[in-house]
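Heads up, the thing below is written out as structure tokens.
Note that these values count all heavy atoms, side chains included, but never hydrogens, waters or copies made by symmetry. On a predicted model such as this, the values are computed, not experimentally measured, just so you know.
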Amino acid sequence: INPMPMEQFLEAALGGKLDKIQLGLKNGTAPDVSAPDGRTALMLSAFNGHTAIVEALLSAGAKVNACDETKRTALMYASTGPNLDTVQALLKAGAEVNLTDGHEDWTALMFAAAEGHGDIAVLLLDHKANPKLVDTDGDSAAAFAQQRGHTDLAKLLKTAEASK
């Protein structure tokens, strides 16, 4: 029995192919195998909201807070899309909500706010995401929501900022 080649495993994670992921794990593919840029199967499956794969990788020992070369985590990737179940699975597994990426110091909350995912923003706030954190330009999650026209979300985040 041979582990699955890294490219195939990562492609299966990105494409939502749970059967291939399970086979790869069963045949000894490391759950934290990563591409040259540091992106892991967990990050790729989280980005596309493949919750069942995220859960399979986590139960196989994938590190929930692993970072790619830009210091982005699976939670940050999941927060860019309408992936509420995936975000919940990552939080349940102990994902750190206030980590910042190495590109512009964005948090998962900022990614969710910029994309207008209010349900994810609320979930992150419920898990102690700090709405007062700012990126390298001094912008908060509320500012991102406002700039992108997500006015209701911006109000919610401004209220959260004020109450911290």
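Note that CG of Asp105 and OG1 of Thr100 are 4.5 Å apart. Values are rounded to the nearest 0.5 Å. We find the CE-CG distance between Met76 and Asn65 to be 9.0 Å, quoted to the nearest 0.5 Å. Going from atom CG of Asp19 over to atom CD1 of Ile53 covers 8.5 Å, rounded to the nearest 0.5 Å. Rounding to the nearest 0.5 Å gives a distance of 10.5 Å between CD1 of Ile21 and CD of Glu11. From Leu91, atom CG reaches atom CD of Gln88 across 8.0 Å, with rounding to the nearest 0.5 Å. Leu90 CG to Leu42 CG: the interatomic distance, rounded to the nearest 0.5 Å, is 5.5 Å.
For Ser163, there are no side-chain contact (heavy atoms from CB on, under 4.5 Å) partners two or more places apart in sequence or in a different chain. Applying the side-chain hydrogen bond (donor to acceptor under 3.5 Å, both in side chains) rule to Thr73 yields no partners; only residues at least two apart in sequence or on another chain are considered. Under the side-chain hydrogen bond (donor to acceptor under 3.5 Å, both in side chains) criterion, Asp126 pairs with no residue, sequence neighbours left out.
Between the side chain of Thr29 and the main chain of Met4, a donor-acceptor pair closer than 3.5 Å is present.
Scanning both residues, Pro31 and Ala60, for their nearest heavy atoms gives CG-O, 3.2 Å. Among all heavy-atom pairs drawn from Leu18 and Ala56, the shortest one is CD1-CB, 4.1 Å. Considering every non-hydrogen atom in both Ala35 and Met6, the closest pair reads CA-SD, 3.8 Å. In this structure, Val87 and Ala78 approach most closely via the heavy-atom pair CG2-CB, 3.8 Å. Closest approach of Ala46 to Asn83, counting heavy atoms only: O-ND2, 3.5 Å. The two residues Leu124 and Ser79 make their nearest non-hydrogen contact at CD1-OG, 3.9 Å.
For the salt bridge (Lys or Arg N to Asp or Glu O under 4.0 Å) condition, no pair includes a residue of residues 144-160, sequence neighbours left out. Legend: ring pair (Phe, Tyr, Trp, His ring centres under 6.0 Å) pairs involving residues 124-164, not counting sequence neighbours, sorted by first then second residue: Trp106-Phe144. For residues 61-73, the salt bridge (Lys or Arg N to Asp or Glu O under 4.0 Å) pairs, not counting sequence neighbours, are Asp32-Lys63, Arg72-Asp101. The side-chain hydrogen bond (donor to acceptor under 3.5 Å, both in side chains) pairs that include a residue from residues 39-62 are Asp37-Arg39, Thr51-Thr86, where partners are two or more places apart or lie in different chains. Evaluation of the side-chain hydrogen bond (donor to acceptor under 3.5 Å, both in side chains) test over residues 90-99, restricted to residues two or more places apart or in two chains, returns none. Note on residues 127-141: no pairs pass salt bridge (Lys or Arg N to Asp or Glu O under 4.0 Å), not counting sequence neighbours. Sorted by first and then second residue, the ring pair (Phe, Tyr, Trp, His ring centres under 6.0 Å) pairs with a member in residues 2-43 form an empty list; sequence neighbours excluded.
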Steps toward side chain to side chain contact (heavy atoms under 4.5 Å, CB included) verdict (Val97, Thr107): CA-CA 7 Å; Val97 291; Thr107 63; over 6 Å; no

Criterion side chain to side chain contact (heavy atoms under 4.5 Å, CB included) on Leu133 and Met110, from CA distance to verdict: CA-CA 9 Å; Leu133 293 176; Met110 291 174 191; 4.3 Å; yes

Criterion side chain to side chain contact (heavy atoms under 4.5 Å, CB included) on Leu157 and Leu125, from CA distance to verdict: CA-CA 9 Å; Leu157 290 165; Leu125 289 168; 4.0 Å; yes

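Leu23 belongs to no multi-residue hydrophobic cluster, having no ILVMFWY side-chain contact under 4.5 Å with any other such residue.
Linking ILVMFWY side-chain heavy atoms closer than 4.5 Å, directly or via other members, places Val54 and Leu99 in two distinct hydrophobic clusters. Leu14 and Leu75 fall within the same hydrophobic cluster, where Ile, Leu, Val, Met, Phe, Trp and Tyr residues are linked whenever their side-chain heavy atoms come under 4.5 Å apart, directly or through other members.
Other residues, nucleotides and ligands contribute over 12 non-hydrogen atoms within 6.0 Å of the CD atom of Glu161.
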Using a 3.5 Å cut-off and no angle test, enumerate the donor-acceptor pairs between side-chain atoms of residues 111-120 and protein atoms at least two apart in sequence or in another chain.
unit_1: His117; atom_1: NE2; unit_2: Thr80; atom_2: O; d: 3.1

